[in-house]
Amino acid sequence: MQEAKKARIRLQSKQGEDVVLQEMAAEVFERGGALYLKYEEPEADLNGQKTRTLLKITRDSLKMIRHGAVESEQTFQEGAMLPGYYRSPYTSFNLSTRTSSLKMTWTRGLSGTVSWTYDLYVHEECTGHFDISLHIQEDTQ
C-alpha cells in the first residue's frame with residue numbers, strides 16, 4: 001500500500017449567493033486506480049466532535065463519505081442521479097445528487113483541481129444547486 005502524503009486543500013462551496021471557503025490539511029494517496037483524500041472538517045458540533053471526510057476520486061466519479069459529528073455519503077458522476085444519505089444526532093434522511101458537470105485537472109503528482117456542479121434532492125424534491133471547487137496541493141517538502 002502506498003504511503004499517504006501530506007497536502008493542503010481549498011474547498012469552495014457556492015449555493016446561490018452563499019459562498020463557503022475552507023482551507024485544511026489533508027492526506028492524499030493512490031490505491032487501485034483511485035485517488036483518496038482524507039481530512040478533518042474544521043467545525044465541531046456542540047459536543048466538540050469533528051467530522052472526518054474521505055473523498056474517493058476516480059476517472060469519472062467522486063464519492064464523499066463523512067464520519068463523526070455527521071454521517072453522510074454522496075456520489076457524483078456527470079449526467080447521473082445517485083442515491084446517498086445524511087445522518088446527524090438531530091435528523092436523518094435519504095438524498096440524491098444529480099451531477100450536471102464533473103471536471104478534473106491534474107497539474108503534477110497528486111496536485112490538481114476537481115470541480116463539480118450538482119442539484120441536491122431530499123425526498124425527491126430539489127433543495128439546492130451547488131457549485132463546488134476542490135484544489136489539492138501536495139506538500140512536496
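This structure is a prediction, so every number in the text was calculated from the model and none was measured.
Under the 4.0 Å criterion applied to side-chain N and carboxylate O atoms, E73 and K63 are assigned as salt-bridge partners. Under 4.0 Å is where a charged nitrogen must lie from a carboxylate oxygen, and between E40 and R52 no such pair does.
Donor-acceptor pairing under 3.5 Å is recorded for the side chains of Q22 and E43. A donor-acceptor contact under 3.5 angstrom links the side chains of T58 and S61, judged on distance only. Checking T53 against E41 by side-chain atom types alone, a donor-acceptor pair falls below 3.5 Å.
Taking 4.5 Å as the limit, every side-chain heavy atom of T127 sits out of range of all side-chain heavy atoms of Y121. A heavy-atom distance below 4.5 Å is not found between the side chains of T113 and L134. When side chains are defined from C-beta on, H135 does not count as touching I9, because their heavy atoms never get closer than 4.5 Å. Taking 4.5 Å as the limit, every side-chain heavy atom of Y39 sits out of range of all side-chain heavy atoms of E27. In this structure, F29 and K38 have side chains that are in contact, with non-hydrogen atoms separated by less than 4.5 Å.
Taking the ring pair (Phe, Tyr, Trp, His ring centres under 6.0 Å) definition, one finds that F93 meets it with Y86, sequence neighbours left out.
Taking all atoms of both residues into account, the shortest heavy-atom contact from E30 to L35 is CG-CD1, 3.7 Å.
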